[in-house]
Structures are given as structure tokens and as C-alpha cells.
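Accompanying notes for the structure given below.
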Amino acid sequence: MSVVVTGLGAVSALGVGVPALRAAIFAGRHGIRPVTRFDVTPFAPVHLGGCVEAPGTCFDWALAAAREAWEDAGRPAVSPRRLAVVAGTTEGEAHDIVGVARVVAEALGAEGPRLTVSTACTSS
């Protein structure tokens with residue numbers, strides 16, 4: 001079985017889109033900053049994190065990255081049964097971690113295998 005990566009998409013603490021991610025990496029910037037999306041008081045003294053600053057949920061971010069990758073790949077004509085979705089996330093809405101790949105697959109019309117990897121920061 002062959003696997004081919006033909007397009008890239010990204011939503012991260014370094015920005016939205018591959019160009020933003022690439023520019024930050026090459027400039028030596030990181031995405032670690034004070035957490036503002038939720039109250040970190042219960043986690044004191046921890047107050048820093050790599051948070052996505054774009055509005056939305058992890059499903060929105062996954063769809064944005066998937067759509068960017070799809071466009072980057074040139075919107076290839078692929079049988080839906082041969083189109084798999086593998087998503088990496090550190091969170092899920094209502095603890096529906098496996099739902100990330102499902103949401104992306106449904107949006108893209110992918111009928112192949114679906115896998116969501118959630119292993120904290122190493123998910124991507």
C-alpha cells in the first residue's frame with residue numbers, strides 16, 4: 001500500500017495556515033504564551049501554553065487545516081473510498097476526540113479509513 005502526502009494544512013499556536021507556521025519556524029519563534037482561553041488558576045503555577053488564538057473549536061481548526069491541505073493538493077480527483085483522514089489533536093469537543101476525523105471526513109466526502117491521534121503535544 002502506498003501513502004502519498006500531496007498537500008499541507010496547519011492551524012497551530014504559531015498561526016493559521018502553512019505560510020504562517022513556516023514563517024514562525026524559520027524565524028525561530030514559538031507559540032508559547034500566557035493562556036487566555038480559560039482560567040488557569042486551578043493549575044497554578046502553570047500559566048503558559050501553546051494555544052490556538054483563532055476563533056472556533058478544534059473541529060473548526062481541523063476543517064480549516066484539512067481544507068488548506070485539500071487546496072494545496074490541487075483538489076485531486078480521488079475515489080472517496082480511497083481517501084483516508086488522519087487527524088492529530090490535543091482536544092475534542094465534549095470529549096469527542098475521535099469525532100475530529102469523522103467531521104473532516106464528512107466535510108471532504110472521504111469514505112476511507114478515519115483515525116484521530118490524541119497524544120498531547122505529539123499528536124501532530
Side-chain angles (χ1 to χ4, degrees):
M1 171 186 262
S2 296
V3 175
V4 179
V5 176
T6 58
L8 302 174
V11 175
S12 75
L14 293 173
V16 176
V18 172
L21 177 61
R22 184 177 288 128
I25 290 170
F26 288 140
R29 292 192 312 267
H30 60 78
I32 306 302
R33 58 185 153 266
V35 174
T36 59
R37 289 183 60 95
F38 58 89
D39 179 18
V40 295
T41 305
F43 307 105
V46 176
H47 64 280
L48 300 174
C51 296
V52 173
E53 297 298 323
T57 66
C58 71
F59 294 144
D60 299 321
W61 303 329
L63 283 171
R67 287 185 174 124
E68 181 185 20
W70 191 250
E71 291 296 324
D72 187 44
R75 305 179 129 231
V78 177
S79 166
R81 291 178 304 176
R82 294 185 46 108
L83 185 58
V85 173
V86 179
T89 183
T90 60
E91 63 175 289
E93 301 308 312
H95 306 292
D96 186 12
I97 299 292
V98 296
V100 176
R102 176 184 45 78
V103 167
V104 170
E106 289 172 359
L108 296 180
E111 297 173 5
R114 302 169 182 186
L115 173 66
T116 300
V117 178
S118 181
T119 54
C121 297
T122 61
S123 296
S124 60

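This chain uses plain numbering: 1 for the first residue, then up along the sequence.
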Do you know which two heavy atoms are closest between [X] and [Y], and how far apart they sit?
X	Y	answer
Val11	Ala64	CG2-CB, 4.0 Å
Gly9	Ala69	N-CB, 3.6 Å
Val104	Ala66	CG1-CB, 3.5 Å
Gly109	Pro80	O-CB, 3.3 Å
Val100	Cys58	CG2-SG, 4.1 Å
Arg114	Ala105	NE-CB, 3.3 Å

Mark yes or no for whether Trp61, through its side chain, and Pro55, through its backbone, hold a donor-acceptor pair below 3.5 Å.
-> yes
Side-chain donor/acceptor of Thr116 to backbone N/O of Ala101, under 3.5 Å = yes
So, do Leu48 and Pro34 sit near enough that their side-chain heavy atoms are less than 4.5 Å apart?
-> yes
Just distance, no hydrogens or angles: give the donor-acceptor pairs under 3.5 Å from side chains in residues 15-32, sequence neighbours left out.
residue : atom : partner : partner atom : Å
His30   : ND1  : Ile32   : N            : 3.0
His30   : ND1  : Ile32   : O            : 3.4

Residues which pass side chain to side chain donor-acceptor pair (under 3.5 Å) with Asp60, listed by chain and number, not counting sequence neighbours = Thr57
Selection residues 79-88 - residue pairs positive for salt bridge (Lys or Arg N to Asp or Glu O under 4.0 Å), sequence neighbours left out | none
Residues in salt bridge (charged side-chain N to carboxylate O under 4.0 Å, His left out) with Glu53, at least two apart?
-> Arg33
Tell me, please, which residues at least two apart from Glu71 pass side-chain contact (heavy atoms from CB on, under 4.5 Å).
-> Arg75
With sequence neighbours left out, what residues match Pro76 under side-chain contact (heavy atoms from CB on, under 4.5 Å)?
-> Trp70, Ala73, Val78
Residue pair Leu115, Val85: steps toward the side chain to side chain contact (heavy atoms under 4.5 Å, CB included) verdict | CA-CA 6 Å; Leu115 173 66; Val85 173; over 6 Å; no
How far does CG of Leu83 sit from CD of Glu111, to the nearest 0.5 angstrom?
-> 9.0 Å
Cluster question for you: counting only ILVMFWY and a side-chain heavy-atom cut-off of under 4.5 Å, with indirect links fine, are Leu108 and Val103 together?
-> yes
